[in-house]
Amino acid sequence: MIDLRLLREDPDRVRASQRARGEDVALVDSLLSADERRRASGTRFDELRSEQKRLGKLIPKAQGDEKAELLRRTGELSAAVKAADAEQHEAAEEAQRLLLELGNIVHPDAPIGGEEDFVVLEQHGTPRDFAAEGFTPRDHLELGELLGAIDTERGAKVSGSRFYYLTGIGALLELALVNAAIAQATAAGFTPMLTPNLVKPAAMAGTGYLGQVEDDVYHLDKDDLYLVGTSEVPLAAYHMDEIIDASRLPLRYAGFSSCYRREAGSYGKDTRGIFRVHQFDKVEMFVFTTPEEAEAEHQRLLAWEKQWLSSLELPFQVIELASGDLGASASRKFDCEAWVPTQGKYRELTSTSNTLEFQARRLGVRMRDTDGTRPLATLNGTLCAVTRTIVAILENHQLPDGSVRVPEVLRPYLGGREVLEPVASPTAAFSTNAK
RNA sequence: GGAGGCGUCGCCUAGUCCGGUCUAUGGCGCCGCACUGCUAAUGCGGUUUGGGCUUUACCGUCCAUCGAGGGUUCAAAUCCCUCCGCCUCCGCCA
């Protein structure tokens with residue numbers, strides 16, 4: 001949520017932001033009037049309550065008629081206080097409800113527009129020219145099956161479409177990626193974290209995932225818990241309702257968790273393979289820092305993502321997302337998109353958002369420094385979304401015979417293996433009877 | 001899942017039985033000032049969080065806040081109910 005004071009003092013800025021997002025501008029005026037009502041009813045309650053307390057203190061000492069009169073007046077006041085309290089409650093709830101609907105203020109440098117209006121900032125590496133190399137690239141699923149690494153048929157049999165098994169070398173590849181990513185994050189000063197995959201509504205709402213994207217979230221009705229779509233949620237909520245001394249900032253966490261996404265409304269999109277799935281694992285960077293440092297930290301997160309993709313020797317580009325594609329929480333967002341040869345385009349592998357104080361306000365995470373207690377800033381960035389990274393590695397590093405070159409950074413985590421080779425069956429290479 | 005205990009403003013703690021003088025006690029820590037070659041010690045003052053009013057700072061003031069939410073009452077940290085969390089024991093279990 002944003003600062004109500006900003007809304008009062010500069011409503012036009014908030015209106016402009018809502019407009020840029022393609023969201024309800026009238027919300028600003030509903031909110032202004034709800035806030036007005038909240039303050040007015042609050043003042044009324046305060047005054048009545050003050051009077052009630054003042055008179056109440058006289059009662060134990062009073063006698064006879066004087067006491068009877070006091071009891072009569074405080075009796076009346078009691079009813080009035082109760083009514084004012086109810087009104088104040090109602091107004092505060094209304095204001096809060098509207099405030100939670102409001103998106104974050106869009107960063108002034110974010111391009112205005114929708115999903116197609118992103119801006120390409122940089123390109124790294126060069127896509128391979130398979131024609132010049134003399135063969136047609138296989139897609140990641142074909143490669144994954146050849147290597148005995150990916151099994152989507154059985155994933156569908158057991159769990160439905162968009163589910164998969166990583167088998168044999170595929171499983172090892174994930175573990176290698178996760179280990180390498182955690183190693184990079186740890187070297188950069190992040191604290192590794194394994195987080196809960198099920199969270200309460202407060203955590204989900206606080207991070208901003210119960211608004212427009214609510215349909216994309218799994219909910220367990222029986223327990224009123226949500227399956228997280230990213231460890232950003234439990235990491236952001238880790239310090240919920242806490243006040244953090246500024247000297248401890250920045251707090252940098254590298255979370256590893258499964259991520260669950262219903263992918264509602266994406267029917268027919270990316271149906272082949274494991275590019276878009278209901279469940280995948282991810283190493284996520286999450287930072288609590290001061291609002292003053294947020295912008296610079298955002299650049300650092302982007303730099304760590306670039307370092308990661310470069311170390312995997314993947315060609316990729318960096319884009320800045322347009323205002324309409326930011327999601328409720330982000331004021332600004334960069335994606336790194338890796339080249340996918342068989343699709344002939346760049347696809348999102350990582351994403352980093354600066355949410356400023358938006359999530360912190362909702363979650364009640366504050367900092368204390370010489371200026372007192374105030375909300376801090378939170379930022380997040382993907383380090384390694386495993387399935388999509390596997391897609392990019394298989395396709396970009398494939399060889400004519402269907403084997404796949406292992407980027408050097410992963411070799412220590414794969415027993416020194418330099419190439420992944422096709423197998424007769426997923427279990428063949430791991431069976432004790434092999435060779 | 002069952003039984004019991006506990007939850008006080010950073011930490012510890014008094015208060016809860018018996019409602020009002022609780023504006024929540026004391027200690028530790030922390031901050032400021034004084035004293036002091038320096039440090040230590042000592043003394044004095046301050047130290048939950050949120051909201052409102054005062055111009056948005058300062059100062060001041062009012063209200064809320066004793067795990068959360070309801071209720072009883074003129075009045076709730078204190079009495080009643082529901083929920084949450086932690087601890088102990090029992091049952092079940094990876």
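Letters A, B, ... mirror the listed sequences (proteins, then strands); counts begin at 1.
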Undergrad: Which nucleotide sits closest to the side chain of A:Arg39: B:G52, B:U49, B:U56?
TA: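 Minimum distance to the A:Arg39 side chain belongs to B:G52.
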Undergrad: Could you tell me whether A:Arg366 contacts a base, only the sugar-phosphate backbone, or nothing, with contacts defined as non-hydrogen atoms closer than 4.0 Å?
TA: sugar-phosphate
Undergrad: Distance check, P atoms only: B:U21 and B:A76, in whole angstrom units.
TA: 11 Å
Undergrad: Rounding to the closest angstrom, what is the interatomic distance between B:G29 and B:A41 at atom P?
TA: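 Here B:G29 and B:A41 have their P atoms 9 Å from each other.
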Undergrad: Just verifying a value: how many Å separate A:Lys82 NZ and A:Arg49 CZ, rounded to the nearest 0.5 Å?
TA: 11.0 Å
Undergrad: Rounded to whole Å, please give me the gap between CG in A:Leu71 and C1' in B:C74.
TA: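 Nearest whole value for this atom pair: 5 Å.
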Undergrad: Any carboxylate oxygen within less than 4.0 angstrom of a Lys/Arg side-chain nitrogen, looking at A:Asp369 and A:Arg374?
TA: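 A salt bridge links A:Asp369 with A:Arg374.
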Undergrad: For the side chain of A:Lys200, starting at C-beta, report the closest nucleotide among B:G50, B:C84, B:G51.
TA: B:C84
Undergrad: Could you identify the nucleotide paired to B:C58, looking across every strand shown and requiring Watson-Crick or G-U wobble geometry with both distances under 3.5 Å?
TA: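 Check on B:C58: unpaired, no WC or wobble geometry under 3.5 Å.
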Undergrad: Give a yes or no on whether a salt bridge exists between A:Arg37 and A:Glu94, defined as a side-chain N under 4.0 angstrom from a carboxylate O.
TA: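 Looking at A:Glu94 together with A:Arg37, the answer is no, because their closest N to O distance does not fall below 4.0 Å.
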Undergrad: Taking only the C1' atom of each, what is the distance from B:C17 to B:C79 in whole angstrom?
TA: 11 Å
Undergrad: Starting the side chain at C-beta, find the nucleotide from B:G52, B:C74, B:U49 nearest to A:Arg38.
TA: B:G52
Undergrad: Does A:Arg368 make a side-chain N or O approach to OP1 or OP2 of B:C30 shorter than 4.0 Å?
TA: no
Undergrad: Any strand counts, and the cut-off is 3.5 Å on both contacts for Watson-Crick or G-U wobble. Which nucleotide pairs with B:A64?
TA: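 Partner of B:A64: B:U49.
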Undergrad: If only side-chain N and O atoms of A:Gln52 are considered, is one of them under 4.0 Å from the OP1 or OP2 phosphate oxygen of B:C74?
TA: no
Undergrad: I'd like the C1' distance from B:A24 over to B:C80, given in whole Å.
TA: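 After rounding to an integer number of Å, I get 23 Å for this pair.
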Undergrad: Could you tell me whether A:Lys157 and A:Glu153 have a side-chain N and a carboxylate O separated by less than 4.0 Å?
TA: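 Judged by the 4.0 Å cut-off on N to carboxylate O distance, A:Lys157 and A:Glu153 do not form a salt bridge.
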Undergrad: Is there a Watson-Crick or G-U wobble partner for B:G4 with both distances under 3.5 Å, and if so, which one is it?
TA: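 When the pairing criteria are applied, B:C87 turns out to be the nucleotide that pairs with B:G4.
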Undergrad: Determine: side-chain N/O of A:Arg8 to OP1/OP2 of B:G52, distance under 4.0 Å, yes or no.
TA: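 Answer is yes, contact under 4.0 Å.
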Undergrad: Counting side-chain heavy atoms from CB outward, which of B:U49, B:A64, B:G51 is closest to A:Phe45?
TA: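 It is B:A64.
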Undergrad: Counting only side-chain nitrogens and oxygens, does A:Ser50 get under 4.0 Å of the OP1 or OP2 atom of B:C63?
TA: yes
Undergrad: When you compare B:U8 with B:A68, how far apart are their C1' atoms, in angstrom units rounded to a whole number?
TA: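 15 Å, rounded to whole Å.
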Undergrad: Going by side chain to side chain contact (heavy atoms under 4.5 Å, CB included), A:Ile150 matches just one of A:Leu143, A:Leu141, A:Thr167. Which one?
TA: A:Leu141
Undergrad: Are A:Glu76 and A:Arg73 within salt-bridge range, i.e. N to O under 4.0 Å?
TA: no
Undergrad: Expressed as a whole number of Å, how far does the P atom of B:U82 sit from that of B:U88?
TA: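 These two P atoms come out 25 Å apart once rounded.
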Undergrad: By nearest atom, which of the nucleotides B:G52, B:U49, B:A64 is closest to the A:Arg49 side chain?
TA: B:A64
Undergrad: Which base, if any, makes a Watson-Crick or G-U wobble pair with B:G37, both distances under 3.5 Å?
TA: none
Undergrad: Quick check for you: among B:U49, B:G51, B:A64, whose closest atom lies nearest to any side-chain atom of A:Lys53?
TA: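 Looking only at heavy atoms from C-beta outward on A:Lys53, the closest nucleotide is B:A64.
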Undergrad: Please give the nucleotide sitting opposite B:C44 as a Watson-Crick or G-U wobble pair, both distances under 3.5 Å, or none.
TA: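 Result: B:G32.
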Undergrad: Is there a side-chain contact between A:Ser78 and the phosphate of B:U73, meaning an N or O under 4.0 Å from OP1 or OP2?
TA: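 False: A:Ser78 side-chain N/O out of range (4.0 Å or more) of B:U73 OP1/OP2.
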Undergrad: To the nearest 0.5 angstrom, please state how far the OG1 atom of A:Thr352 sits from the CG atom of A:Leu301.
TA: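 Answer rounded to 0.5 Å: 4.5 Å.
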Undergrad: Where each residue is assigned the nucleotide of RNA chain B containing its nearest heavy atom, which of A:Ile59 and A:His89 is assigned the position nearer the 5′ end?
TA: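 Taking each residue's closest nucleotide, the earlier one in sequence belongs to A:His89.
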Undergrad: How far apart are the C-alpha atoms of A:Thr382 and A:Lys282, what are their side-chain angles, what is the distance that settles it, and do they pass the side-chain contact (heavy atoms from CB on, under 4.5 Å) test?
TA: CA-CA 8 Å; A:Thr382 317; A:Lys282 179 156 65 77; 3.6 Å; yes
Undergrad: Looking for any heavy atom pair under 4.0 Å, which part of the strands does A:Gly42 touch: base, sugar-phosphate only, or nothing?
TA: nothing
Undergrad: Across all strands, who's sitting opposite B:C17 as a Watson-Crick or G-U wobble pair, both distances under 3.5 Å?
TA: none
Undergrad: With rounding to whole Å, what would you report as the distance between B:G69 and B:A77 at their P atoms?
TA: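 Here B:G69 and B:A77 have their P atoms 13 Å from each other.
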Undergrad: Give me the distance, rounded to whole Å, that separates B:C11 from B:G71 when you measure between the C1' atoms they each carry.
TA: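 Rounded to whole Å, the distance is 34 Å.
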Undergrad: Nearest heavy atom decides the nucleotide; on that basis, is A:Glu47 or A:Gly75 closer to the 5' end of RNA chain B?
TA: A:Glu47
Undergrad: A:Arg374 CZ to B:U49 C1': how many Å, rounded?
TA: 17 Å
Undergrad: Can you tell me the Watson-Crick or wobble partner of B:A76, both distances under 3.5 angstrom?
TA: none
Undergrad: Among B:A75, B:C62, B:U72, which nucleotide has an atom closest to any side-chain atom of A:Lys82?
TA: B:U72
Undergrad: State the pairing partner of B:C92; accept Watson-Crick or G-U wobble contacts with both distances under 3.5 Å, and report none otherwise.
TA: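 Check on B:C92: unpaired, no WC or wobble geometry under 3.5 Å.
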Undergrad: Looking at every strand, decide which applies to A:Leu55 at a 4.0 Å heavy-atom threshold: base, sugar-phosphate, or nothing.
TA: nothing
